[in-house]
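Input: a single structure, listed below in structure tokens.
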Amino acid sequence: MRKILRKFGLNKLIVKLISGNKYEKKFHKAMLEKIQNDFIVYDVGANIGYYTNIFSEYVPDGMVIAFEPSKQNFTKLLENTKYLKNCQSYNIALGSTNGFVEYSQGSDEIGATTQVSLIKESFNLENQVPIYTLDTFFENNSLPSPNAIKIDVEGFELEVVSGMKNLLSRNEIKYVFIEVHFELLNKKGYLSIKQEIRNLFDSNKFEIKWVDFSHIIVCRKFD
């Protein structure tokens, strides 16, 4: 991990955000234990590429496909992944609809708290970005089927998962890793979040393991 941080110049703040939090470290370890060297990994909410780089090293015979809605973050993502031969990146949002959305750039140093929101009558053209369901984007762009999907989207988790129902029916997907932002989801009116998440995965034979109070690993159950 230190080698990656030095190589890409990721600052002390991201070390604190990722490495210094015991819950994040537990999730980090549990997630990477599942990744195999030939996996196709989708990094949804890639930010500036911290996990994109780590996944790239873990899948030398596979591929990482990164999605990041913020134009500011995406510029840094491209810079931090420009030497990765097994990585593709897309400056789009993923959700439950196709169209356009607005994002509010996070005020933190690395834009990690950037949030996507539905467009209102008055919106900022500069922060407008295309949004697709993952099912639609997968089909329209002939992407390889993912084996694992990491989702960290600051309160947009349910929208992203709702937009990938067709993909979830494919046996290639073995794991989904999600950071659940309870406070943001509660503000949006999702008051039974754990049950709503369970409902989205139950029909496709996945089991949910809570690594801690805000991180889950969803594993496919094979008969």
Side-chain angles (χ1 to χ4, degrees), residues 1 4-5 10 13-36 39-59 64-70 73 77 93-96 106 108 110-116 134 146-164 167-168 173-188 190-202 204-221:
M1 185 184 299
I4 295 171
L5 293 170
L10 301 182
L13 176 61
I14 198 168
V15 179
K16 182 178 179 181
L17 288 173
I18 303 295
S19 303
N21 185 310
K22 65 179 180 180
Y23 298 109
E24 193 84 35
K25 285 180 70 174
K26 186 178 179 181
F27 176 64
H28 173 103
K29 182 176 183 294
M31 178 169 57
L32 294 180
E33 285 177 348
K34 306 292 186 185
I35 302 297
Q36 299 176 22
F39 265 24
I40 305 297
V41 181
Y42 286 10
D43 188 358
V44 181
N47 189 240
I48 65 173
Y50 178 83
Y51 274 116
T52 310
N53 277 280
I54 293 175
F55 290 145
S56 175
E57 290 206 353
Y58 269 71
V59 295
V64 182
I65 301 178
F67 304 89
E68 172 56 41
S70 162
N73 294 349
L77 171 65
L94 293 174
S96 58
D108 57 290
I110 61 170
T113 56
T114 297
Q115 296 180 38
V116 169
L134 188 50
N147 305 114
I149 302 175
K150 185 226 85 179
I151 301 172
D152 183 359
V153 288
E154 299 293 317
F156 218 63
E157 296 90 273
L158 292 178
E159 284 88 347
V160 172
V161 177
S162 295
M164 50 187 269
L167 269 177
L168 289 177
I173 296 187
K174 296 178 173 63
Y175 305 104
V176 183
F177 313 111
I178 307 176
E179 178 167 357
V180 183
H181 297 80
F182 283 99
E183 183 178 355
L184 295 174
L185 286 162
N186 285 334
K187 287 180 180 179
K188 294 172 68 173
Y190 296 115
L191 303 180
S192 304
I193 299 164
K194 287 189 176 182
Q195 187 57 49
E196 291 184 64
I197 290 174
R198 183 170 299 280
N199 290 343
L200 287 168
F201 286 103
D202 271 354
N204 286 294
K205 298 184 178 179
F206 283 93
E207 60 182 356
I208 296 175
K209 177 183 178 182
W210 287 87
V211 180
D212 54 59
F213 62 89
S214 63
H215 296 92
I216 61 175
I217 291 181
V218 185
C219 307
R220 182 177 295 282
K221 296 184 289 186

ask   = Are any of the side-chain heavy atoms of Y58 and K34 separated by less than 4.5 Å?
value = no

query = Looking at side-chain heavy atoms only, is the closest gap between V161 and I197 below 4.5 Å?
reply = no

key: Close side-chain approach of I178 to F201, heavy-atom, < 4.5 Å   = yes

request  = Side-chain contact test, heavy atoms from C-beta onward, threshold under 4.5 Å: evaluate it for I35 versus F177 and give yes or no.
outcome  = yes

query = Just how far is it from atom CG of D212 to atom CZ of F27, taken to the nearest 0.5 Å?
reply = 8.0 Å

message = Minimum heavy-atom separation for F156 and G95, please, with both atom names.
response = CE2-CA, 3.8 Å

key: Check: I149 and L134 side chains under 4.5 Å, non-hydrogen atoms   = yes

task = State, yes or no, whether a side-chain contact exists between L158 and E196 at a heavy-atom distance under 4.5 Å.
result = yes

ask   = What's the spacing between E154 CD and H181 NE2 if we round to 0.5 Å?
value = 3.5 Å

message = Please check this pair: side chain of D152 against backbone of E179, looking for a donor-acceptor N/O pair closer than 3.5 Å.
response = no

Atom pair CD1 (I54) and CG (L32), whose distance is rounded to the nearest 0.5 Å = 6.0 Å

Minimum heavy-atom distance between W210 and F182, given as atom pair plus value = CH2-CZ, 3.6 Å

inquiry  = With rounding to the nearest 0.5 angstrom, report the CG to CG distance, L77 to D43.
reply    = 8.0 Å

ask   = Any chance NZ of K174 has more than 12 other-residue heavy atoms, nucleotides or ligands included, within less than 6.0 Å?
value = yes

note = Closest non-hydrogen atoms of L167 and I173, given as atom of the first, atom of the second and distance, are O-CD1, 3.3 Å

key: Main-chain N/O of S96 paired with E159 side-chain donor or acceptor, under 3.5 Å   = no

ask   = So, E33 side chain and M31 main chain: donor-acceptor pair closer than 3.5 Å or not?
value = no

ask   = Can any side-chain N or O of N73 pair as donor or acceptor with the backbone N or O of I48 at less than 3.5 Å?
value = no

message = If you define the side chain from C-beta out and look only at heavy atoms, does anything of V176 sit under 4.5 Å from L168?
response = yes

request  = Decide yes or no on side-chain contact (heavy atoms from CB on, under 4.5 Å) for I193 and N186, but give the supporting numbers first.
outcome  = CA-CA 8 Å; I193 299 164; N186 285 334; 3.5 Å; yes

query = Would you call the rings of Y175 and F39 parallel, tilted or perpendicular if under 30° counts as parallel and over 60° as perpendicular?
reply = tilted

ask   = Out of curiosity, F55 CZ to I65 CD1, how far, rounded to the nearest 0.5 Å?
value = 13.0 Å

task = Ignoring hydrogens and angles, state whether a donor on the side chain of N53 or E57 is under 3.5 Å from an acceptor on the partner side chain.
result = no

key: Steps toward ring pair (Phe, Tyr, Trp, His ring centres under 6.0 Å) verdict (Y51, H28)   = CA-CA 9 Å; Y51 274 116; H28 173 103; 5.5 Å; yes

inquiry  = If I take atom CD1 from residue I216 and atom CZ from residue F206, how far apart are they, to the nearest 0.5 angstrom?
reply    = 11.5 Å

key: Smallest separation among heavy atoms of S56 and V64, with atom names   = N-CG2, 3.5 Å

